[in-house]
Visitor: 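What follows is a structure written as structure tokens; I'll ask about it next.
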Amino acid sequence: MTIARDYAAVRLPLLEVSAHLFLQLAVILITYQLLWPVFRRLAQVQVIAIMIAGFLLGPSILGWAWPQAQQWLFPTELEVGGTTLVHPSLAALHIVGQLGLVMYMFLVGASFKIDIVGKHLRQAGATSATGVLVPMVLGGLVGWWLHHEGRFFTERVTDWQGALFLAAAVSVTAFPILAWIIYDSGLVNTRLGTMALACAAVDDGCAWVLLAIVVASANADPTGAFIAAGGGLIYVGFMFLLARNWLARLNEWKPRRGDGERSGGIPVGPLTVILAVVLLAACFTDFVGIHSVLGAFIAGVVMPRGLLLENVVKRFEPVVGYLLLPAFFIYTGLNTQLDLIFEPTVLLTAAVVLIVSFVSKFGAVGVVARFQGMSWREAGAMGALANARGIMELVLLNIGLDKGLITSELYTILAIMTVVTTFAATPLQRMFEHNGRKCGLVFGPAGEQPSTEESGASAERAGLNPAV
């Protein structure tokens with residue numbers, strides 16, 4: 001019997017996938033809303049509660065406490081005719097999570113302040129380079145060591161490939177979660193927030209090229225790395241040099257009578273164009289190997305600023321952030337086995353990885369930012385934000401596991417590192433900000449500045465936005 005016929009034999013469960021998906025999303029919503037009051041008291045942003053909910057509903061917590069309920073609610077495999085297949089429910093959850101991830105990164109790009117980066121290009125370049133090079137070197141050394149330990153990478157991976165994978169894993173930054181932290185912390189129009197996002201974009205782009213090299217070389221196909229690097233450069237050039245001018249015409253759209261009534265006040269024509277561009281951008285960057293999230297982010301950056309884009313962001317943010325995106329965290333939590341961490345060798349390795357991750361990001365970025373003219377408080381906050389790894393790290397880990405590059409032990413170690421570094425980012429950033437406020441200073445568009453009406457008037461006279 002073929003797989004196709006086997007699937008036909010279980011068509012009834014397939015018809016029930018949508019209903020099961022609705023139940024899963026409802027459980028996710030309820031779980032992270034119950035967690036949110038606790039994490040709010042811990043000076044966290046809501047996305048941290050969503051991320052932790054994904055791990056709680058996975059096999060490590062719910063699966064340990066009530067395995068039957070966890071396996072029924074979030075099934076991962078399906079036995080059909082003696083063949084183990086991916087359960088349709090897991091596939092549906094994965095697709096919803098990826099859609100949420102892509103749309104969220106578009107919203108991040110649509111809120112990105114290019115003009116602030118331009119005013120501080122030298123500082124952004126130096127901190128970006130540091131945020132890439134130092135983690136790559138230290139992470140690469142740890143990866144080489146872990147490969148020789150023999151239980152963290154599969155047999156397909158050589159020592160230099162293991163070094164490159166850990167270099168990518170340590171150097172990556174939580175692009176989507178970082179944007180959420182910046183938004184919730186009121187740092188959207190500040191030098192700190194904008195430079196942190198700019199550095200994250202550069203760091204993540206380099207990390208994906210490293211990952212593409214590892215995947216391509218493990219498959220004995222070196223062309224994959226060249227396609228990723230070349231395709232990424234072509235895409236960025238096309239979007240900024242050509243697509244940006246074409247998309248500027250969206251603000252010239254003349255709505256017809258009744259146009260926009262069905263889309264919450266947004267003209268249907270421009271909305272269709274925007275969504276099509278985002279999805280095509282995500283498709284292309286996924287195809288060349290630099291991941292859909294970066295494509296969606298660039299699509300958001302090149303969109304013309306104005307009332308149209310503001311309305312799109314305002315309408316889509318709640319649905320994307322609180323309904324679609326949580327599905328990604330649940331999918332990730334299903335691959336994490338926290339019980340592995342209690343083995344002495346794994347626990348020691350986790351401690352080493354965590355120390356290297358903190359030193360290479362928080363320490364290195366903070367020191368360089370200080371030497372680039374930031375105050376020590378702003379530099380410390382910059383290092384704290386850069387140290388968050390969140391979604392992007394989890395995406396990278398899922399690819400490494402799906403491609404057969406890493407074992408469950410290394411996946412769990414890096415997942416724990418992701419949670420710890422991301423969890424620490426907001427309290428550390430707010431600690432530096434609080435110390436500044438005690439001195440009468442706040443983070444503004446030009447850096448740390450006095451939090452007085454006089455300073456706001458001075459900033460306005462200098463052509464800056466005094467809003468924080």
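The residues of the chain are indexed from 1 along the displayed sequence.
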Visitor: Do Phe297 and Phe106 have side-chain heavy atoms sitting under 4.5 Å apart?
Guide: no

Visitor: Are a donor atom and an acceptor atom from the side chains of Ser171 and Lys361 found within less than 3.5 Å of each other?
Guide: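 There is no such pair between these side chains.
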
Visitor: Once rounded to the nearest 0.5 Å, what's the spacing between atom OG1 of Thr76 and atom CG of Leu93?
Guide: 11.5 Å

Visitor: Looking only at atom types and distance, does a side-chain atom of Gln98 sit under 3.5 Å from a main-chain N or O of Phe328, one as donor and one as acceptor?
Guide: no

Visitor: Which distance, rounded to the nearest 0.5 Å, do you find between the CG of Leu192 and the CD of Gln429?
Guide: 6.5 Å

Visitor: Do any N or O atoms from the side chain of His147 and from the backbone of Trp160 form a donor-acceptor pair under 3.5 angstrom?
Guide: no

Visitor: Is any side-chain heavy atom of Ile182 closer than 4.5 Å to a side-chain heavy atom of Leu197?
Guide: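 SC-SC contact between Ile182 and Leu197 confirmed.
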
Visitor: Taking atom types as modelled, is there a side-chain donor on Glu149 or Trp145 under 3.5 Å from an acceptor on the other?
Guide: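 Trp145 and Glu149 do have a side-chain donor-acceptor pair below 3.5 Å.
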
Visitor: To the nearest 0.5 Å, how far apart are CD1 in Ile406 and CG in Leu396?
Guide: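 Going from CD1 on Ile406 over to CG on Leu396, the span is 8.0 Å.
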
Visitor: Going by the angle between their ring planes, with limits at 30° and 60°, are Phe153 and Phe165 parallel, tilted or perpendicular?
Guide: perpendicular

Visitor: Using side-chain heavy atoms (C-beta onward) and a distance below 4.5 Å, is Met382 in contact with Cys199?
Guide: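 Yes, close enough: below the 4.5 Å cut-off.
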
Visitor: What closest approach, in Å, do Gly131 and Val365 show between heavy atoms, and which atom pair accounts for it?
Guide: CA-CG2, 3.7 Å

Visitor: Pair Val96, Leu323 - check side-chain contact (heavy atoms from CB on, under 4.5 Å), show working.
Guide: CA-CA 9 Å; Val96 172; Leu323 180 62; over 6 Å; no

Visitor: Suppose we screen for side-chain hydrogen bond (donor to acceptor under 3.5 Å, both in side chains). Which residues come up paired with Arg377, at least two apart in sequence or across chains?
Guide: Glu448

Visitor: Write down the atom of Leu178, the atom of Ala200, and the distance for their closest heavy-atom approach.
Guide: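 Smallest heavy-atom distance, with atoms named: CD2-CB, 3.8 Å.
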
Visitor: Are Glu310 and Arg315 ion-paired here, with the side-chain N under 4.0 Å from a carboxylate O?
Guide: no

Visitor: If you look at every heavy atom in Val277 and Ala299, which pair is closest and at what distance?
Guide: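 So the two residues come closest at CG1-CB, 4.4 Å.
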
Visitor: Would Met103 and Val278 count as a side-chain contact (heavy atoms from CB on, under 4.5 Å) if you check the C-alpha gap in whole Å, the side-chain angles of each, and the deciding distance to 0.1 Å?
Guide: CA-CA 8 Å; Met103 291 305 302; Val278 174; 4.2 Å; yes

Visitor: Is there a donor-acceptor pair under 3.5 Å between the side chain of Tyr235 and the backbone N or O of Gly295?
Guide: yes

Visitor: Taking the side chain as every heavy atom from C-beta outward, state whether Leu405 and Leu410 have any atom pair closer than 4.5 Å.
Guide: no

Visitor: Check for a donor-acceptor pair, side chain of Gln449 on one end and backbone N or O of Phe443 on the other, with a separation under 3.5 Å.
Guide: no

Visitor: If you measure from CG on Leu187 to CG on Leu385, what distance do you get to the nearest 0.5 Å?
Guide: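 Spacing of CG (Leu187) from CG (Leu385) equals 7.0 Å.
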
Visitor: Would you check if Leu401 and Leu397 make a side-chain contact, meaning some heavy-atom pair closer than 4.5 Å?
Guide: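 A side-chain contact under 4.5 Å is absent here.
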
Visitor: Between the side chains of Glu378 and Arg370, is the shortest nitrogen-to-carboxylate-oxygen separation below 4.0 Å, so that they form an ion pair?
Guide: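 Result for this pair is no, no salt bridge flagged.
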
Visitor: Does the pair Phe240 and Ile298 meet the rule for a side-chain contact (heavy atoms from CB on, under 4.5 Å), with working shown?
Guide: CA-CA 9 Å; Phe240 278 97; Ile298 296 297; 4.0 Å; yes

Visitor: Which heavy atom of Ser360 sits nearest to which heavy atom of Val170, and what is that distance?
Guide: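 The pair with the smallest heavy-atom distance is OG-CG1, 3.3 Å.
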
Visitor: Do the non-hydrogen side-chain atoms of Phe316 and Leu271 ever get within less than 4.5 Å of each other?
Guide: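 Yes, side chains in contact.
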
Visitor: Should we say atom CH2 of Trp144 is surrounded by more than 12 heavy atoms from elsewhere, each under 6.0 Å from it?
Guide: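 Open.
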
Visitor: To check you understand the geometry: which heavy-atom pair defines the closest contact between Leu25 and Ala327, and what is its length?
Guide: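 Looking at all heavy atoms of both residues, the shortest contact is CD2-CB, 4.2 Å.
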
Visitor: Would you please classify the geometry between the Phe362 ring and the Phe432 ring as parallel, tilted or perpendicular, with 30° and 60° separating the classes?
Guide: tilted

Visitor: Please check: side-chain N/O of Arg305 versus main-chain N/O of Ala110, any donor-acceptor pairing under 3.5 Å?
Guide: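 Such a contact is found between Arg305 side chain and Ala110 backbone.
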
Visitor: Please tell me if the side chains of Val38 and Gln44 come closer than 4.5 Å, counting only heavy atoms from C-beta onward.
Guide: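 A side-chain contact under 4.5 Å is absent here.
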
Visitor: Filter on side chain to side chain donor-acceptor pair (under 3.5 Å), then keep only pairs touching residues 23-36, sequence neighbours left out; what's left?
Guide: Gln24-Ser89

Visitor: Will you find, in the side chains of Arg389 and Asn387, an N or O donor that is under 3.5 Å from an N or O acceptor?
Guide: yes

Visitor: Which pair of non-hydrogen atoms, one from Thr154 and one from Gly404, has the smallest distance, and what is that distance?
Guide: OG1-O, 2.5 Å

Visitor: Could you measure the distance from the CG atom of Leu309 to the NZ atom of Lys314? Nearest 0.5 Å is fine.
Guide: 13.5 Å

Visitor: Find the distance between CD1 (Ile227) and CD1 (Ile234) and round it off to the nearest 0.5 Å.
Guide: 10.5 Å

Visitor: Please check if the side chain of His20 supplies one atom and the backbone of Trp72 the other of a donor-acceptor pair under 3.5 Å.
Guide: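 Yes, His20 side chain to Trp72 backbone: donor-acceptor pair under 3.5 Å.
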
Visitor: I'd like to know if the side chain of Thr422 reaches the main chain of Val419, judged simply by a donor and an acceptor atom lying under 3.5 Å from each other, with no hydrogens or angles considered.
Guide: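 No, because the side chain of Thr422 does not come within donor-acceptor range (under 3.5 Å) of the backbone of Val419.
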
Visitor: Within the distance-only criterion (no hydrogens, no angle test), does the side chain of Gln161 pair as donor or acceptor with the backbone N or O of Thr158 below 3.5 angstrom?
Guide: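 Judged by distance alone, yes, a pair lies under 3.5 Å.
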
Visitor: side-chain contact (heavy atoms from CB on, under 4.5 Å) for Met303 and Val312? Distances and angles first, verdict last.
Guide: CA-CA 11 Å; Met303 286 293 168; Val312 170; over 6 Å; no

Visitor: Side-chain donor-acceptor pairs under 3.5 Å in residues 344-357, sequence neighbours left out?
Guide:
residue	atom	partner	partner atom	Å
Thr349	OG1	Thr345	O	2.8
Ser357	OG	Val353	O	2.6

Visitor: Any donor and acceptor pair, going by atom type alone, linking the side chain of Thr407 with main-chain N or O of Arg151 inside 3.5 Å?
Guide: yes

Visitor: So do the side chains of Phe55 and Phe329 get within less than 4.5 Å of each other, counting heavy atoms only?
Guide: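 Answer no - side chains too far apart.
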
